[in-house]
Amino acid sequence: MKVLVSLNFPPLGIEMLKQEGLDVTVWKNDIPMTREELIQATKEHDILLSSSIYTLDADFLEKNKHLKLISQFAVGYNNIDIEKATELGIPVTNTPNAMTDATADIAFALMLAVSRKMFHMHKTIISGDWGHFRPQANLGMELKGKTVGIFGMGRIGSEFARRCLGAYNMKVIYHNRRPNTEMEKELNASYVSFEELLKESDVLSVHAGLSNETKGLFNADVFSKMKSSAIFINTARGGLHHEKSLIEALQNKVIWGAGLDVTNPEPMNKDNPLLNMENVAITPHIGSATVESRNEMSRLVALNIIQFSRGEPLTNLVSPGV
Ligand SMILES: NC(=O)c1ccc[n+]([C@@H]2O[C@H](COP(=O)([O-])OP(=O)(O)OC[C@H]3O[C@@H](n4cnc5c(N)ncnc54)[C@H](O)[C@@H]3O)[C@@H](O)[C@H]2O)c1
Ligand SMILES: O=C(O)[C@H](O)CO
């Protein structure tokens, strides 16, 4: 079987595929393929090792309906039209757990950075303005004992909540599709309604995947129900928050600050007002960017392909209808 590795992925998984005797083509460029390049290259392969930066919509899948498997190098797969893939009989797999710690760390780092205006202070120093000790300037807020609200208490949400409890003894509340009794026991976390999550959270961190249900969920109405002292953190997908509403909520002090590892679009326009706000910290979708995480993603993405080529059950199948 011929496998197209569509980005310059870490070698571990690519070696696994070669050792398995699969015919592997690697896109060795750090700049992704254009859509047309991806469509054309995929035509000559049976399996696509894909990434969340590529849009595998109905049109792409129709043009490549011969595909036997899409093995996605990510836990999120909102870039793939799963319904269409299922209709065409193309199984899709992902790489859960590989980046749970790394992404929870980024959410935690953003929370801390926002609470102490760290990115802004860094920019101020670089601009040559060290300033002097001013008793009433640059004041942040402390996190100890505050309430953290988790939207999406899955793998990453739980790991982030563990950090909040362990480091700052924060009270954990959460809203999820269904109660997570394990986390309730371990973290003394309380399941609350979405409205209560908005009302009670000092820090609200988003960890649910992007879907029709969650797209644009964090809009002006939602921000207006949060505390004016609240920090909003999103490390899930930029599409979960409505960007204009977030900008206005921050400008009008409807909420206090925001930390984002994901934006909509990515990359952001460099004139985006969020980039010049004091109480905002932004990183360019680096949740999974650690050596450990990327190696494990590489191993898993290859394992999914190897399981498929051997005719074994797919541990990480996300299109169960196939
Ligand atoms: N920034 C990054 O680099 C990065 C890295 C990894 C994952 N992510 C994102 O994080 C997301 C979560 O990853 P995970 O491994 O924790 O997934 P997960 O499936 O373990 O957790 C997601 C949780 O959200 C809940 N959820 C989904 N839709 C909901 C809704 N409408 N209302 C309430 N709860 C809802 C689910 O029940 C689940 O508990 C991924 O889908 C991906 O988009 C981002
Ligand atoms: O979903 C994921 O795993 C990350 O966002 C990387 O795409």
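For the single chain, residues carry numbers from 1 onward in sequence order. Just follow the structure's listing: the first ligand is 1, and inside any ligand the first atom is 1.
The minimum heavy-atom distance linking Phe308 with Lys68 is given by the pair CZ-O, 3.4 Å.
The protein atom (non-hydrogen) at minimum distance from atom 1 (O) of ligand 2 is Arg237 NH2, 2.7 Å. Protein heavy atom in closest approach to atom 12 (C) of ligand 1: His207 O, 3.2 Å. When hydrogens are left out, the protein atom nearest atom 41 (O) of ligand 1 is Gly209 CA, 3.4 Å; that is the closest non-hydrogen contact. Shortest contact from atom 21 (O) of ligand 1 to any protein heavy atom: Gly154 CA, 3.3 Å. Of the protein's heavy atoms, Val75 N, 2.8 Å lies nearest to atom 3 (O) of ligand 2. The protein heavy-atom contact nearest to atom 42 (C) of ligand 1 is Arg237 NH1, 3.7 Å. Ranking protein heavy atoms by distance to atom 9 (C) of ligand 1, first place goes to Ala236 O, 3.5 Å. Nearest to atom 7 (O) of ligand 2 among the protein's heavy atoms is Ser52 OG, 2.6 Å. Atom 5 (C) of ligand 1 has Thr103 OG1, 3.2 Å as its closest protein atom, hydrogens excluded (heavy atom only). Given atom 26 (N) of ligand 1, the protein heavy atom at minimum distance is Ala208 CB, 3.7 Å.
Compare Arg177, His285, Met183 by their heavy atoms: the one nearest to atom 27 (C) of ligand 1 is in Arg177. Atom 24 (O) of ligand 1 has its nearest heavy-atom neighbour, among Ala104, Gly152, Gly287, Ser52, in Gly152. Summarising the contacts of atom 7 (C) of ligand 1 with Asn78, Val75, Asn94, the nearest heavy atom is found in Val75. Between the choices Met153, Met99, Arg155, the shortest heavy-atom distance to atom 18 (P) of ligand 1 belongs to Arg155.
Taking every heavy atom of Asp261 and a limit of under 4.0 angstrom, the matching atoms of ligand 1 come to 1 (N), 2 (C), 3 (O). For ligand 1, the atoms closer than 4.0 angstrom to any heavy atom of Thr235 are 1 (N), 2 (C), 4 (C), 8 (N), 44 (C). Applying the 4.0 Å criterion to heavy atoms of Ser288 picks out, from ligand 1, the atoms 3 (O). Ligand-side atoms of ligand 2 in range of Met99: 3 (O), range being under 4.0 angstrom from any heavy atom. Using a 4.0 Å cut-off to heavy atoms of Gly76, the atoms of ligand 2 that qualify are 1 (O), 2 (C), 3 (O). Taking a cut-off of under 4.0 Å to the non-hydrogen atoms of His285, the atoms of ligand 2 that pass are 4 (C), 5 (O), 6 (C), 7 (O). In the vicinity of Phe151, heavy-atom distances shorter than 4.0 Å reach the ligand 1 atoms 30 (C), 32 (N), 33 (C).
Judged by distance alone, with hydrogens and angles left aside, the side-chain atoms of Thr42 form a donor-acceptor pair with the main-chain N or O of Leu38 at under 3.5 Å. Between the side chain of Asn304 and the main chain of Asn94, a donor-acceptor pair closer than 3.5 Å is present. Between the side chain of Thr95 and the backbone N or O of Ala74 there is at least one donor-acceptor pair closer than 3.5 Å.
Between Glu159 and Arg155, no side-chain nitrogen of the basic residue sits less than 4.0 Å from a carboxylate oxygen of the acidic one, so the salt-bridge criterion is not met. In summary, Glu87 and Lys84 engage in a salt bridge, as defined by a charged side-chain N under 4.0 Å from a carboxylate O.
For Arg116, the CZ atom is loosely surrounded, since the number of other residues' heavy atoms within 6.0 Å does not exceed 12. Within 6.0 Å of atom NZ in Lys2, more than 12 heavy atoms from other residues, nucleotides or ligands are found, so the atom counts as buried in its surroundings. Taking a 6.0 Å sphere around NZ of Lys123, one finds it holds more than 12 heavy atoms contributed by other residues, nucleotides or ligands. Counted within 6.0 Å of CZ on Arg134, heavy atoms from surrounding residues, nucleotides or ligands total more than 12; the atom is thus considered enclosed.
Residue contact annotation: Thr214 has a non-hydrogen atom under 4.0 Å from ligand 1.
Contact annotation: for Ala74 versus ligand 2, heavy atoms closer than 4.0 Å belong to both the backbone and the side chain. Contact annotation: for Asn176 versus ligand 1, heavy atoms closer than 4.0 Å belong to both the backbone and the side chain. Of the heavy atoms in Ile156, both backbone and side-chain atoms come closer than 4.0 Å to ligand 1.
Remark: aromatic rings of Tyr174 and Phe194 are distant, center separation not under 6.0 Å. For His175 and Tyr191, the ring centers sit closer than 6.0 Å to each other.
Taking the six-membered ring for Trp and thresholds of 30 and 60 degrees, Phe160 and His207 have ring planes inclined between 30 and 60 degrees apart.
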Evaluate Leu12 against Arg294 for side chain to side chain contact (heavy atoms under 4.5 Å, CB included), listing each step before the verdict. CA-CA 10 Å; Leu12 188 128; Arg294 292 283 160 84; over 6 Å; no
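Taking 4.5 Å as the limit, every side-chain heavy atom of Asp101 sits out of range of all side-chain heavy atoms of Ser293.
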